[in-house]
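Let me begin by presenting the structure, written as structure tokens, before commenting on it.
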Amino acid sequence: MSDKTKRAVFVTRFGAIAASVGSAVGLGNIWRFPFEAGEHGGGAFMLCYIGFILVVGLPVILSEFILGRASRSNAMGAYARFGRSRSWRGVGLLGIIASLMILSFYSVVAGWTLEYTVQSALGAVADANRDAHHARFMAFSTHPWRPVLWAALFLLTNHLVVSRGVTRGIERAANIMMPLLFGLLVAFCIHSLMLPGAAQGLTFLFKPDFGSINSRVLVGALGQAFFSLSLGLGCMLTYASYFSSSTRLTRTAVTIAGLDTLVAILSGVLIFPAVFTYGMNPEAGPALVFEVLPAVFGRMPGGAIWSFLFFLLLLLASLSSTISMSEISIAYFTDGRRMTRRTATRLSTAIALVCGSLCALSFGPLRDVTICGQTVFGLFDYCSNNILLPVGGMLCSIFVGWHLDRTVVTAQLSGNQRTVHILTFCLRYVCPTAIAVVMLDALGIL
Ligand code: PHE
């Protein structure tokens, strides 16, 4: 059997979509999107976000899909296969490095989530007082070993899934986790909409305030679209290399972008009615999930159960995202470096464990260890989100837009010339320009 025929595929269309939506839906949707939207113009922010998903997000997902399925290879192998110069491989390598960096700091937040899920199940997160939750969160996140332990437990769970392989591990887990995640989300939204503060919460989230749209908000909306769709590091590329040849790429990309946006909006519908009903401050920013929401649950009838279900939801979303982050390096180690899947998975988990522990400790004992004024956690977060992801996305769109043979693009899009033309235009001009603007702004150059 040749290597090509041995390569794993997602067995069903549902599995392929569930795994890709699982990658896209994560902390970015449930934790970050609601407060970004609420603070930055509500409905107006959403319109910008949806606009960016359409003109930048969709073309970049499609470019990753085309490259992944046409090469049937990992992030670096795909560029090696079609790049006329060796330096294109560097783009894939950047993605692999970025994926390990994101996996490391993301596992810390996922570890906090795991601790909160377990504590909620034990009924320990049911205090109604926000200050108590603040004190609790500070004590936990700065503890000399507890955050490391929870991040490690999370990474081991992630390891158990990915080590079982693409079909039996990733696809099967996605088939179970994603329906559960959507079910939980819908149940939560129905509950939230029946609360007395529902109208006030929805107004905060959706009321379009065009006056508050400025360049920072636009930049925030584009960055959010990018992170939320898992773009720029070869994640969608790697998953597309497991798509069957009958998977329709354009339709799959639209489905993923649509479901990802839906989850982001539903998360806002879940959170804000409850926050207003129980008289909490909706503008708490990043503290919303670990300090404000637990206090909201503490005031709610049946709060311990809702708290458990909420953190479980967040945990499922985080796990389906970290699975996809790990797969980027695992695919590279297996087909690029010829390791067995077992060794590749162990290596990827080991790197994440070491780097993740440093990130976890950077709120406590390693708080004063800074590089360029940032803690390890801050540095990983900043470098990957503000530099590696946008650069990766920009180079991928340039590669597919300018460099890749049109016949490959046309064949992957089932010969649909209109889509090829629109896509090529976006990849050549719109995406690189938009991403360059965001990046320069994020780096403080604009
Ligand atoms: N899209 C995920 C989220 O919204 C994060 C992610 C980024 C996942 C990059 C995989 C790769 O949380």
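All ligand and atom numbering here is 1-based and tracks the order in the structure. A quick note: this is a predicted structure, and the numbers were derived from the prediction, not measured. Because only heavy atoms are used, hydrogens play no part in the values below, and waters and symmetry mates are left out as well, while side chains stay in.
Heavy-atom proximity to Leu233, at under 4.0 Å, picks out these atoms of ligand 1: 9 (C), 11 (C). For ligand 1, the atoms lying closer than 4.0 Å to a non-hydrogen atom of Ser23 are 1 (N), 2 (C), 8 (C), 10 (C). Atoms of ligand 1 lying under 4.0 Å from any heavy atom of Ser228, numbered from 1 in the order shown and given with element: 1 (N), 4 (O).
In Asp260, neither the side chain nor the backbone holds a heavy atom less than 4.0 Å from any atom of ligand 1. Contacts between Tyr106 and ligand 1, counted as non-hydrogen atom pairs separated by less than 4.0 Å, involve the side chain only.
Of the polar atoms of Ser324, none of the N or O atoms is found under 3.5 Å from an N or O of ligand 1, judged by distance alone. Residue-to-ligand polar distances keep Ile102 apart from ligand 1: every N/O pair is separated by 3.5 Å or more. Residue-to-ligand polar distances place Gly28 within reach of ligand 1: an N/O pair is separated by less than 3.5 Å. Ligand 1 has no N or O atom lying under 3.5 Å from any N or O atom of Ser321, backbone or side chain. Not a single N or O atom of Leu229, backbone or side chain, sits closer than 3.5 Å to an N or O atom of ligand 1.
For the 3.5 Å distance criterion, the side chains of Glu291 and His134 qualify, holding a donor opposite an acceptor. Between the side chains of Thr343 and Thr340, at least one donor N or O lies within less than 3.5 Å of an accepting N or O.
Arg248 is not listed as a side-chain neighbour of Phe243, based on a closest heavy-atom distance of 4.5 Å or more.
Looking at atom 7 (C) of ligand 1, its nearest protein heavy atom turns out to be Phe227 O, 3.7 Å. When only non-hydrogen protein atoms are considered, atom 11 (C) of ligand 1 lies nearest to Ser230 CB, 3.5 Å. The closest protein non-hydrogen atom to atom 4 (O) of ligand 1 is Ala24 O, 3.0 Å.
Annotation: Phe425, atom CZ; neighbour count of heavy atoms from other residues, nucleotides and ligands within 6.0 Å does not exceed 12.
Listed by first and then second residue, the ring pair (Phe, Tyr, Trp, His ring centres under 6.0 Å) pairs that reach into residues 244-264 come to none, sequence neighbours excluded.
For Thr322, the side-chain hydrogen bond (donor to acceptor under 3.5 Å, both in side chains) partners at least two apart in sequence or on another chain are Asn158.
Residues Tyr429 and Trp402 bring their aromatic ring centres within 6.0 Å. A centroid separation of less than 6.0 Å is found between the aromatic rings of Phe10 and Tyr239.
Salt bridge status for Arg341 with Glu327: present, with a side-chain N to carboxylate O gap under 4.0 Å.
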